[in-house]
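Both backbone and side-chain heavy atoms feed into the values below; hydrogens, waters and symmetry mates do not. Labels below follow one simple rule: chain letters A, B, ... track the order of the sequence lines, proteins then strands, and each chain is numbered from 1.
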Number of protein chains: 2
Amino acid sequence: MSVTLKDVALAARVSISTASRALGGSGLTSERTQQRLTRIARELGYRPNPIARGLKTGQSRLVGLLVHNLANASFQVMAEVVQARLKALGYQMLLCIAGDDPQLESDTLTTLADHRVDGLIVVPTGKNGARLTALANEIPIVCLVRRDDGTDLETVLADDSEGAFVGTRYLTGLGHRRIGLIVGRPDTTSGRERLSGYVRALREASIPVDDTLIHAGHFEPETGAASCRKLLDLTEPPSAIFVANHEATLGVLRVTAERGLSIPDDLSLLCYEHSPWFEWHRPAISIVDNGARDLANLAVDRLLHRMDAKGNGADSVREYRVGARLVIRDSCRPFDPAARGSSATKLSRSKA
Amino acid sequence: MSVTLKDVALAARVSISTASRALGGSGLTSERTQQRLTRIARELGYRPNPIARGLKTGQSRLVGLLVHNLANASFQVMAEVVQARLKALGYQMLLCIAGDDPQLESDTLTTLADHRVDGLIVVPTGKNGARLTALANEIPIVCLVRRDDGTDLETVLADDSEGAFVGTRYLTGLGHRRIGLIVGRPDTTSGRERLSGYVRALREASIPVDDTLIHAGHFEPETGAASCRKLLDLTEPPSAIFVANHEATLGVLRVTAERGLSIPDDLSLLCYEHSPWFEWHRPAISIVDNGARDLANLAVDRLLHRMDAKGNGADSVREYRVGARLVIRDSCRPFDPAARGSSATKLSRSKA
DNA sequence: CTGTTAGCGCTTTCAC
DNA sequence: GTGAAAGCGCTAACAG
């Protein structure tokens, strides 16, 4: 099979431990043997066996990343960023997809723990706080994107409240007063906070909050489609829709297409989270960018920090926020009372 | 730390080896001890340590998946499928992203080998045939999507020639005679084969192949944008464009948007590979579906087969093909001599 | 600075 | 059917 440390030691006529020390760069060997061993190892094509090392050191050089899916553009970039950053440091990423399912999440955490990952970045469902807390005693964990209220692990979040606030304010600034909101489930950090940002912006603009304009639901295209239909079918439909639920965007686009609505002329549309498609979509869709890349980078930073500080205990557990950014493109326009989506033309829906 | 086999054995007052046998389900223990040990193990919360087991057995319960990126929808579903299938069998997926870079691919292969993955599914760059062949002596490998001509590993491919043929024939059937092709680099399996399918369909329709209509380039949005511009700027621009390079699609959509082209009225557009966005895009984009999900499933099947048959040598190495499927939506229409993109109106381009 | 020794947790001969 | 013992490849005391 492959060449082991023993082979190297044998070839160099030193003991296995000397070989280990020399190659481990511990600096506990003479300059000469170190160089000699390095050379011999290279000649023999020696590559340390991480499994054997892991058994001894209790480390695996593996880091887990647990996300809900890969369809979401944010999770894609997170996976790419995490894998790239870690690889540069000699770690491999164990990517797990748990579909926002608490049971699957729990099982996956177990598997990850079994594999003795050296660290773990997880986008929690929010239903496994106890599991996570327990696991955190064994391995460094940082939560990403969502907080699990059942635990107080270090967490890297987007500034969703601010993001939704900025996005909604942009819309009110454009003169819209009836703004539909399609947002994530209120039992998720992002769902709650985006809703609160929306409400705050409305209050600031002295616009009463109309519950019929707010649809909170699962992170799925269907949610977007159903919600969008209901919004458009209102006797006083909104003139703008803020889709603060990334997965739901597809559904919204489908419905607006089905109904032949022209964006932004008939309806202004603002979405959440960056995706290349939004940029090339016609019209280019304005978004609130949650900063997925920065979130991922920060999560990796924090994780590495914890992995280094391993055991230093009492390291203050923090919550970090990555600011959101409004990216204005072409899917929103100033409120026009004559436009179809405005309440002034509520009866014109029959055209569809 | 965590409870080991030793703890279980101790608690059950049996030897470690008996415990191992009982829990390993080797059937070499009495029914009674087996049940007793199982119960005790559960009570103690025993979970076998894959690292220790791996050191002994030479297996890691890890399977590597090496893809170019996660932006490509096909790679997304492949990653999801591979991870889901493997998890069900007790394996974990090591996802690696090598960006279609041969050097990165080579490095990654080394890392994967170091981690003693039990199997490997790789979308090859095509430049590391020797590396792959060598590696294949140690671990089962199956190539996916692309063939590496430098090796003869088992390979699961899409039927790209047929796919491009069917797609192009659909377009010629619609009456189009000047059909632009934006396709992948000719040094990739898919690039070559899609080009050949296109040519074959043209020949069958007795349409001469015009090289100025063919753009082969890197798998990037920029390629699509640049190629699309050149095609539209031709004195005799195409009336339809077949984008047989998934990554390039974004660029094409951008350019058609920039120029205010209406699809399919000004230009028919046919794309390659399934993506949820194509379905919701307005107009819904017709595609040739390469069957990413089926490709991934087949690759997993073949890999598992090889992992089982481990060492049975002389297992015939095959190339598998997954058929392509034309999915007609709304982005193509019959050729209309009056339409802007047709050669009959070449001078009307000035409208833009 | 280097060699010897003892495991990490598990599987697997080999005896009984 | 079960126990004792060896060892996977490596690291880390412990002596010299």
Side-chain angles (χ1 to χ4, degrees), chain A residues 1-38 40-41 44-62 90 111 113-118 138-139 310-311, chain B residues 1-38 40-41 44-62 90 113-118 138-139 310:
Chain A
M1 175 89 192
S2 63
V3 30
T4 76
L5 193 54
K6 191 170 157 190
D7 301 323
V8 178
L10 231 53
R13 302 178 161 286
V14 295
S15 72
I16 295 186
S17 25
T18 301
S20 172
R21 281 187 283 250
L23 298 177
S26 59
L28 271 41
T29 54
S30 74
E31 189 75 1
R32 251 184 71 246
T33 47
Q34 170 135 348
Q35 297 192 340
R36 199 162 63 89
L37 267 291
T38 310
I40 295 182
L44 262 48
Y46 169 72
R47 319 224 80 239
N49 180 337
I51 300 190
R53 174 181 288 162
L55 182 56
K56 185 67 192 176
T57 62
Q59 309 218 307
S60 59
R61 300 254 98 190
L62 255 30
T111 314
D114 283 350
H115 276 279
R116 303 299 192 274
V117 290
D118 294 341
E138 297 176 29
I139 51 179
K310 181 191 199 153
Chain B
M1 174 90 191
S2 64
V3 30
T4 77
L5 191 54
K6 189 170 158 190
D7 300 323
V8 178
L10 231 54
R13 302 179 160 285
V14 295
S15 72
I16 294 186
S17 23
T18 301
S20 172
R21 282 187 281 252
L23 299 177
S26 59
L28 270 41
T29 54
S30 75
E31 188 76 2
R32 253 186 68 246
T33 47
Q34 170 134 351
Q35 298 192 340
R36 199 163 64 87
L37 267 291
T38 311
I40 295 182
L44 262 47
Y46 169 71
R47 319 224 81 238
N49 180 337
I51 300 191
R53 174 180 287 162
L55 182 56
K56 188 66 193 173
T57 63
Q59 310 218 307
S60 59
R61 301 252 99 189
L62 256 28
D114 284 350
H115 276 280
R116 303 298 192 274
V117 289
D118 294 342
E138 297 176 29
I139 51 179
K310 181 190 198 153

Worksheet, complete the sentence: B/K56 atom NZ is separated from D/dA5 atom P, nearest whole Å, by 16 Å
Worksheet item: Under 4.0 Å between a side-chain N/O of B/T33 and OP1 or OP2 of D/dG1, yes or no?
Response: no
Worksheet item: In whole Å, what is the span from the CD atom of B/Q59 to the C1' atom of C/dC10?
Response: 13 Å
Item to complete: For B/N49 and C/dG7, give me the distance from atom CG to atom P, rounded to whole Å.
Response: 18 Å
Worksheet item: Do the side-chain N or O atoms of B/S17 get closer than 4.0 angstrom to the phosphate oxygens (OP1, OP2) of C/dT12?
Response: no
Worksheet item: Tell me: CG of A/L23 to P of D/dT11, nearest whole Å?
Response: 9 Å
Practice prompt. Could you state the atom-to-atom distance from CD1 of B/I16 to C1' of D/dG1 in whole Å?
Written response: 18 Å
Worksheet item: Does the base of D/dG3 carry an N or O that pairs as donor and acceptor with the side chain of B/R21 under 3.5 Å?
Response: yes
Worksheet item: Nearest heavy-atom pair of B/A19 and B/L5: which atoms, and what distance?
Response: CB-CD1, 3.8 Å
Worksheet, complete the sentence: Nearest-nucleotide check on DNA chain C, B/A52 vs B/T18; residue mapping nearer the 5' end is B/A52
Worksheet item: At under 4.0 Å, does any side-chain N or O of B/R53 touch on OP1 or OP2 of C/dG9?
Response: no
Worksheet item: Taking N and O atoms by type only, does the side chain of A/S20 place a donor or acceptor under 3.5 Å from a partner on the base of D/dA12?
Response: no
Practice prompt. Without swapping roles, check the side chain of B/T38 against the backbone of B/Q34 for a donor-acceptor pair under 3.5 Å.
Written response: yes
Worksheet item: Tell me: CZ of B/R13 to P of D/dT2, nearest whole Å?
Response: 16 Å
Worksheet item: Taking atom P of D/dA6 as reference, at what distance in whole Å does atom NZ of A/K6 sit?
Response: 15 Å
